[in-house]
Amino acid sequence: MGKILPLLLVLLGLGAGAGAGLMLRPAPDPAEANAEGEAPPEKVELPPEQQPDYVKLNNQFIVPVVEEGRVASMVILSLSLEVTTGGSEKVYAVEPKLRDSMLQVLFDHANNGGFRGSFTDGSNLVLLRKALLEVGQSVLGEMVSDVLIVDIMRQDS
């Protein structure tokens with residue numbers, strides 16, 4: 001009995017470890033896992049003339065967060081726009097109007113509490129990006145396909 005117990009404990013430990021490994025393994029990547037066992041489809045590269053341009057807006061956006069009549073914090077953002085190829089010049093040509101419209105969206109977001117608490121929460125930023133995209137498209141049309149929040153920081157007072 002004295003020699004069987006350590007062997008049983010080793011086997012039990014190996015079985016528990018193997019079971020835990022199977023239960024905790026990561027799910028297979030759906031792009032790689034295929035029911036027929038075929039190789040995943042190759043990613044299609046767009047030709048250079050169809051690839052989007054990314055236009056970084058020149059200056060940061062500074063948004064005050066007002067609570068009880070005083071500035072409680074400042075939010076600083078850097079934004080970039082994803083636009084159709086060759087759209088950079090048009091973005092820079094209307095940048096003052098674009099910045100004004102985007103600042104209004106950012107102020108509204110701040111006044112609605114969007115920069116309080118966990119302001120980098122994914123769903124919170126999705127709403128902000130959507131509103132910024134709408135205003136970007138209102139100024140530049142469908143050439144704007146996305147708004148990227150490149151940097152975001154909040155400095156509390």
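Basis for what follows: all heavy atoms, side chains included, without hydrogens, waters or symmetry-related copies.
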Could you tell me whether the side chain of [X] and the main chain of [Y] form a donor-acceptor pair under 3.5 Å?
{"X": "S73", "Y": "D156", "result": "no"}
{"X": "E95", "Y": "N58", "result": "yes"}
{"X": "Q137", "Y": "E142", "result": "no"}
{"X": "D146", "Y": "L81", "result": "no"}
{"X": "T84", "Y": "V144", "result": "no"}
{"X": "N124", "Y": "T120", "result": "no"}

Can you list the steps and then say if Q60 with D151 is a side chain to side chain donor-acceptor pair (under 3.5 Å)? CA-CA 9 Å; Q60 297 174 324; D151 295 311; 5.3 Å; no
What's the spacing between [X] [atom1] and [Y] [atom2] if we round to 0.5 Å?
{"X": "L106", "Y": "R99", "atom1": "CG", "atom2": "CZ", "answer": "9.5 Å"}
{"X": "R129", "Y": "L79", "atom1": "CZ", "atom2": "CG", "answer": "9.5 Å"}
{"X": "L57", "Y": "S80", "atom1": "CG", "atom2": "OG", "answer": "6.5 Å"}
{"X": "I62", "Y": "L77", "atom1": "CD1", "atom2": "CG", "answer": "10.0 Å"}
{"X": "R116", "Y": "E67", "atom1": "CZ", "atom2": "CD", "answer": "4.5 Å"}
{"X": "M74", "Y": "S157", "atom1": "CE", "atom2": "OG", "answer": "8.0 Å"}

Nearest heavy atoms of [X] and [Y], plus distance in Å:
{"X": "A110", "Y": "P64", "value": "CB-O, 3.9 Å"}
{"X": "G87", "Y": "D53", "value": "N-OD2, 3.7 Å"}
{"X": "S101", "Y": "V135", "value": "CB-CG2, 3.2 Å"}
{"X": "L98", "Y": "G136", "value": "CD1-CA, 3.8 Å"}
{"X": "D121", "Y": "S123", "value": "OD2-OG, 2.7 Å"}

Is there a side chain to side chain contact (heavy atoms under 4.5 Å, CB included) between V139 and M102? Walk through the geometry before answering. CA-CA 10 Å; V139 173; M102 289 186 159; over 6 Å; no
Honestly curious: do [X] and [Y] fall in one hydrophobic cluster under the side-chain, below-4.5 Å linking rule?
{"X": "L125", "Y": "F107", "answer": "yes"}
{"X": "L133", "Y": "V55", "answer": "yes"}
{"X": "V63", "Y": "V126", "answer": "no"}
{"X": "L103", "Y": "V150", "answer": "no"}
{"X": "F61", "Y": "V94", "answer": "yes"}

Go through the steps for F119 and I152 under the test side chain to side chain contact (heavy atoms under 4.5 Å, CB included), then give the verdict. CA-CA 10 Å; F119 70 101; I152 186 168; 3.7 Å; yes
Does one side chain, of Q104 or D108, offer a donor that lies under 3.5 Å from an acceptor on the other? yes
With R154 as the cation and F115 as the aromatic partner, state whether NZ or CZ is under 6.0 Å from the six-membered ring centre and within 45° of the axis. no
Evaluate side chain to side chain contact (heavy atoms under 4.5 Å, CB included) for V75 paired with V65, printing each intermediate quantity in order. CA-CA 7 Å; V75 175; V65 177; 3.8 Å; yes
Going through the checks in order, is the side chain to side chain contact (heavy atoms under 4.5 Å, CB included) test met by L148 and K56? CA-CA 9 Å; L148 296 92; K56 184 173 168 66; over 6 Å; no
